[in-house]
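Read through the structure below, which is laid out as structure tokens, and then see the notes.
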Amino acid sequence: VDIIGSADIASFEKEGVNLKFCLPDAESAIVIGLGYPENCLLNTEFLARRAQLWIARHLEKYGFSALTYPELSYPELSPEKAALICGVAYRNQNGKVVSSRFGERQIWRTIVTSAPLPTLAKEGGQS
């Protein structure tokens, strides 16, 4: 995971996103981003899904509920929108969701959880 962010339910509510629609005991959401080199997506999608499931499993191990792929039941919560709310991405002049490190070259994934997580925005893996 190159980019990780989290935000509480109030931050999502300010942006018109109801996390409790996805998960009744939701308290926060985590967004992860995996970057890839230009023209080289390779298995980034697989790695992103694997990381998303690993994080959810870890949360559940400690007694929290966790939901992966919330956008399947609640299209208003796209991974890109979660990245914006969590503060790990922004919109460029063309309206695309980008990160400061990878531009448009990252895969975003979201986990909604009952864990009361603090706000976090971090880009890792700096070379």
Side-chain angles (χ1 to χ4, degrees):
V1 173
D2 298 303
I3 304 168
I4 188 165
S6 64
D8 62 14
I9 195 167
S11 298
F12 281 87
E13 287 173 349
K14 282 185 212 172
E15 298 299 324
V17 176
N18 180 4
L19 293 180
K20 291 195 183 278
F21 182 87
C22 306
L23 187 67
D25 61 348
E27 291 295 326
S28 58
I30 300 167
V31 67
I32 58 173
L34 276 78
Y36 56 89
E38 194 169 341
N39 300 319
C40 191
L41 187 57
L42 290 176
N43 62 351
T44 307
E45 179 76 27
F46 168 77
L47 294 173
R49 291 191 188 279
R50 186 174 172 189
Q52 180 185 32
L53 290 170
W54 185 88
I55 291 167
R57 186 181 74 202
H58 189 72
L59 288 162
E60 289 172 344
K61 176 181 170 184
Y62 289 98
F64 299 105
S65 53
L67 175 69
T68 58
Y69 315 113
E71 66 275 10
L72 295 179
S73 61
Y74 189 53
E76 291 82 1
L77 181 58
S78 69
E80 292 80 12
K81 186 164 190 174
L84 292 168
I85 294 169
C86 291
V88 293
Y90 62 94
R91 290 197 185 276
N92 67 11
Q93 64 271 19
N94 298 326
K96 300 242 184 198
V97 176
V98 298
S99 70
S100 59
R101 181 161 179 224
F102 297 102
E104 295 179 38
R105 298 182 330 270
Q106 67 269 310
I107 300 289
W108 298 108
R109 290 288 167 259
T110 307
I111 303 107
V112 177
T113 181
S114 63
L117 300 173
T119 299
L120 168 73
K122 178 136 179 83
E123 285 193 42
Q126 298 286 343
S127 315

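Only a predicted model underlies this, so the values are computations on that prediction, with no experimental measurement involved. In this chain, residues are counted from 1 in sequence order.
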Item to check | Within residues 68-90 or reaching into it, pairs that qualify as salt bridge (charged side-chain N to carboxylate O under 4.0 Å, His left out) - sequence neighbours excluded | outcome: none

Do any side-chain atoms of residues 90-97 form donor-acceptor pairs under 3.5 angstrom with protein atoms, and if so which ones, sequence neighbours left out?
from	atom 1	to	atom 2	distance (Å)
Arg91	NH1	Gly95	O	2.8
Asn92	OD1	Asn94	N	2.9
Asn92	OD1	Gly95	N	3.1
Asn92	OD1	Lys96	N	2.9

Checklist entry - Tell me, which pairs form a side-chain hydrogen bond (donor to acceptor under 3.5 Å, both in side chains) where one or both residues lie in residues 105-119, sequence neighbours left out? => result Glu45-Arg109, Ser65-Ser114, Ser99-Gln106

Checklist entry - Are Leu67 and Ile111 co-members of a hydrophobic cluster defined by side-chain heavy atoms under 4.5 Å apart? => result no

Next on the checklist: Whether the side chain of Ser73 engages the backbone of Cys22 through a donor-acceptor N/O pair (distance < 3.5 Å, no angle test) should be reported.
Outcome noted: no

Next on the checklist: Taking side-chain hydrogen bond (donor to acceptor under 3.5 Å, both in side chains) as the cut-off, I'd like each qualifying pair that reaches into residues 11-24, sequence neighbours left out, listed once.
Outcome noted: Asp8-Ser11

Next on the checklist: Can you give me the closest heavy-atom contact between Ala121 and Gly87, atom names plus distance?
Outcome noted: CB-O, 3.8 Å

Next on the checklist: For residues 5-34, which residue pairs pass the ring-ring contact (aromatic ring centres under 6.0 Å, His included) check, not counting sequence neighbours?
Outcome noted: Phe21-Tyr74

Checklist entry - Which pairs, with at least one residue in residues 30-62 and sequence neighbours excluded, count as a ring-ring contact (aromatic ring centres under 6.0 Å, His included)? => result Trp54-His58, His58-Tyr62

Next on the checklist: Rounded to the nearest 0.5 Å, what separates atom CZ in Arg57 from atom CD in Glu60?
Outcome noted: 10.0 Å

Item to check | From CD1 (Ile55) to CD1 (Ile30), nearest 0.5 Å | outcome: 6.0 Å

Checklist outcome for this item: Rounded to the nearest 0.5 angstrom, the CG-CZ distance for Leu34 and Arg50 is 11.5 Å

Next on the checklist: Which heavy atom of Ala82 sits nearest to which heavy atom of Val31, and what is that distance?
Outcome noted: O-CG1, 4.1 Å

